[in-house]
Amino acid sequence: MSDTKETTGLSRRQFLKGSGAAAAATALGTAAAPGALAAQAPAAQPVPGMGPAGVKITLQVNGRKMSSTVEPRVTLLDALRNYLDVTGCKRVCDRGTCGACTVLLDNKPVYACSMLALEAQGKEIRTAESLVQGAKLDAVPAAFVRFDAQQCGFCTPGFVVAMKAVLEQNPKATPAEVEKGLAGNICRCGTYEQMRDAIYSLCNTKRGS
Amino acid sequence: MAQVFQVIGTRPIRHDGLDKVTGRAQYGADIQLSGMLHGRVLRSSHAHARIKSIDASAALKVPGVEAVATAADLPESGDRIAHLGEGAVNLRHLSSNCLARGKVHYKGQAVAALAATNPHIAEEALALIKVDYEPLPPVMDVREAMKDSAPKLHADVFTEEMGQLKKDKPSNVAKHFQFKLGDVHKGFAQAAVTVEREFHTATVHQGYIEPHNATAMFNPDGNVTIWCSTQGAFTVRAQVSELLQIPVSRIKVVPLEIGGGFGGKIRVYLEPVAAVLSKKTGKPVKILMDRAAVFEGTGPTPGSYIRVKLGADKTGKLVAGEAYLAYEAGAFPGSPIGPGAMCIFACYDIPNVLIDGFDVCVNKPATAAYRAPGATNAAFASETVVDEICRQLKIDPLEFRLKNGAKEGTRRADGPIYPRIGMIETVEAAKKHPHYVAPLAPGSSPFPRGRGVASGFWFNIGLKSSVTASVNNDGTVSLVEGSTDIGGTRVSVAMQLAEALGIRAEDVRPVVADTDSVGYTDVTGGSRVTYATGWAAYEAAQDIKWQMLEKAAQLWKTDLDNVVYDKGVIRAKDDPAKKITFKELAEKIQHKGGIVVGRATVDPPWPGGAFATHIVDVEVDPDTGKVSILRYTAVQDCGKAIHPSYVEGQIQGGAVQGIGWALNEEYAYNAKGEMTNASFLDYRMPTSLDLPMIDAVIVEVPDPKHPYGVRGVGEVPIVPPPAAIANAIYAAVGVRMNELPMSPGRVVKALAAKK
């Protein structure tokens, strides 16, 4: 099965031409990420200038190489969700304020809404989907299930990834340190208590001690 | 006589747990259909304006844009009222809230929509739709809007004054009503202490994490399928049917997982628009809101002005209460002023009461339900005044509630006499809780600390639910329900079926079905699902039991009245050797005797209502005005806790939202009526670091009508926090906060005014 999905329809360049907004195109051109474009596979069509037409990208997601053609402005979150069908990361605020789109980028937690897909090339991307391999569920999501640290579940993959990041970086983290790692995530159902239960169990610490 | 349970009261793992923690659960935004178009909605840039014209010709010329929709594409709806389960709405207003007709009444109101081959084209083409507005002065404050001189939102909204429509001149006041009990003048004459105060509360949003979304596929044969995030698939079906004038039988609504709702996902916004765009293009159309659209374009809960006067005699018995509540309906009539006015004194037995309620239009989004809609505003006012009376009379606030608390037989001012309720029991449990007598630990910090308490009431509702339950040949039961699961109700409903059948909760496989696959079911709202859909599951289990008894009787060639069902085992009365487990019989009947499917529909009586009493310790930094929550205990009567962890989760979740409402959350507006903080950065909701442990204490006073004694639990825990925190702030620093939120700036201002 191919993981490649080509975009159909209009590129931003064609669109801007069509709507006669050439000045806007110039302004936007300067905002593209040159380093990221340079990192493309040489086989790809040369992109005229740093223009915003669709470019082929390859991302390493959950251990698999996935390719697609996206406009340079497409965020990592939108690329994962809309072009690569990796929908575990959620689009909630799209402004780096809620943590629902948290993914691991070379083992560091990042907001996928706040970086461009192009910038994520060449890095190892992991989402909540990576934390279940066959029948084996990682200890972090397993603790979320066991302590029911979720109600509606929409923010949950982001919290799971954020917590996984802290414990991977420091397996001896204290519960307080783990909880600090969740400061960038919002759960509106207010399941923080159950998350604390999960944290204490993952830290092998008794609550109240 | 207490029932002995095998399943109820245990804490099984939720059936959908694994899907949700690994990101596999499918929410509305995850839907991807072949040939699907992406819709975007153009929203009003004015708080109040006439729409002179809409020109979409430039947008339609953009390659990739396939259709534009405006109000002209919606049939004209008449002035009919649709009941949505938790609140009612005028269809003409609902239609204009989906796509504005003639006027815009708030910034963010949907004006036009288009569908294109990808979201980027849709977004950019949207900017090419030209709307010519004639701006009008907005009115943003409820009391300003009530003045005769205020700009009028609607030429055709008149005040319904005590049930009589005053058709002489249009008004922003859509409704004024009164609840009267006894004689307040006589009551206040007996009072030794009378306290009267004014309160203001800001507009706040439910803040559900998942933005609204809808995908519609309108087939040429006239059938339309809608996938969406909703608290009620059937209410979406009914609303779309009315708004587009299509028979309900032509509409299938598929509710996907729902990322929070709290009352805000009952009314439709995108669904009819996606359906219209799909009809025009012949392709499926998906529309997602962004966060700013959620804040600006969907229904928050109202800001309000409330005046409360309470009188007590010298023994501390409440003798009279008076309240004046004016709630902002937002753009269209329909604030939760009714429940607010019913709830304001609902925790107390007061012989003489007069309550005035006003539903007032202002240029803000049309308000929607939010967890115990209307009750939190009201309790902030009444529970603060109660605290002042306790201080003046030097009575412990929990003793005062024991003396005055509502109980079975108390008449509420709006009429009903309470059945068996648990208000007093929550107060007793709070009084016994170690928190209430624990020292406030002064000296450990330089900042003053204080403790406050408050109580709250919410009705809970009954309404209709349907389930079907099929017995599988491996002894499990597939349970099909129509109640979308926001907080774990798949499990709490499944557990009631399991209890009734004497099987394990894990052996029930619950699924939430679309509108073609299950009988009519009202919204997930009013704290009703565990109560009413759980009741339906209980009834379906009775149906299964009878059928299983028939099968066993056939198997043993005996009479039906010779077989009995006992905790998952069927026995013959006359022969101890003849017994068979549910599982064994399930396997047997697959081969002979046919299949067993249980079904039930219920429309149960309304439950007796839920009460909560909260205790909070705060610390106030007098220089910055920051209020920190040190300790929080939330006591609640839950009737019977089916899954205690979920009950605790609801109590904690409600308290967390109430704390956010109390301290941080508000819609900030500029002079033009534009919301200036439509993001999670500036509309600040509590994170883990803002909150201490919230100790949820379950009190069980079973509802005598329900087969398992269930009362709804989801809503009432949001009611007490603002008042409890206000009372704790007073205990800490001696100022009475009369405005929500009690943000640092307001606390500093209040402290400065005291000096």
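Lettering of chains follows the sequences in order, A, B, ..., and the numbering in each one begins at 1.
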Query - Contact residues of residues 132-150 of chain A (partner chain B; heavy-atom separation under 4.5 angstrom) - result: V132(A), L137(A), P141(A), F144(A), V145(A), R146(A), D148(A), Q150(A)
**Report entry** Worked check of side chain to side chain contact (heavy atoms under 4.5 Å, CB included) between M693(B) and R207(A)
**Finding:** CA-CA 11 Å; M693(B) 178 191 169; R207(A) 275 200 83 167; 4.1 Å; yes
Nearest 0.5 angstrom please: [X] [atom1] to [Y] [atom2], how far?
X       : Y       : atom1 : atom2 : answer
T87(A)  : I31(B)  : OG1   : CD1   : 10.5 Å
Q650(B) : C189(A) : CD    : SG    : 8.0 Å
L288(B) : N82(A)  : CG    : CG    : 8.0 Å

Give, as side chain, backbone, both or neither, the part of [X] having an atom under 4.5 angstrom from any heavy atom of chain A.
X       : result
T687(B) : both
A29(B)  : both
E257(B) : neither

Query raised in the report: Should we say atom CZ of R11(B) is surrounded by more than 12 heavy atoms from elsewhere, each under 6.0 Å from it?
Result: yes
Please flag which part of [X] lies under 4.5 Å from any non-hydrogen atom of chain B: side chain, backbone, both or neither.
X       : answer
F154(A) : both
R196(A) : side chain
V74(A)  : side chain
V160(A) : side chain
E129(A) : both

Return the minimal non-hydrogen interatomic distance between [X] and [Y], and the atom names on each side.
X       : Y       : value
I186(A) : M685(B) : CG2-CE, 3.6 Å
C152(A) : G259(B) : SG-C, 3.3 Å
P157(A) : G23(B)  : CG-CA, 3.8 Å
Y192(A) : L691(B) : CD1-CD1, 3.4 Å
F680(B) : C93(A)  : CD1-CB, 4.0 Å

Just give me the residue among [options] that pairs up with chain A most often, heavy atom to heavy atom, under 4.5 Å.
options                            : result
A655(B), G261(B), A696(B), P692(B) : P692(B)
V656(B), I486(B), D290(B)          : I486(B)
P211(B), S645(B), G207(B)          : G207(B)
D690(B), I258(B), D485(B), I659(B) : I258(B)

Query raised in the report: Heavy atoms, side chains only, cut-off 4.5 Å: are E71(A) and H120(B) in contact?
Result: yes
Query raised in the report: Should R73(A) and E123(B) count as an ion pair when the cut-off is N to O under 4.0 Å?
Result: no
Query raised in the report: Is it true that K90(A) and D30(B) make a salt bridge, defined as a side-chain N closer than 4.0 Å to a carboxylate O?
Result: yes
**Report entry** Pairs involving residues 106-117 of chain A, ordered by first then second residue, that meet side-chain hydrogen bond (donor to acceptor under 3.5 Å, both in side chains) (sequence neighbours left out)
**Finding:** N107(A)-R126(A)
**Report entry** Residues Q194(A) and Q652(B): side-chain donor-acceptor under 3.5 angstrom
**Finding:** yes
Report task. Could you check Q206(B) against R188(A) for side chain to side chain contact (heavy atoms under 4.5 Å, CB included), going step by step and ending with a plain yes or no? Result -> CA-CA 9 Å; Q206(B) 300 86 351; R188(A) 186 55 160 177; 5.8 Å; no
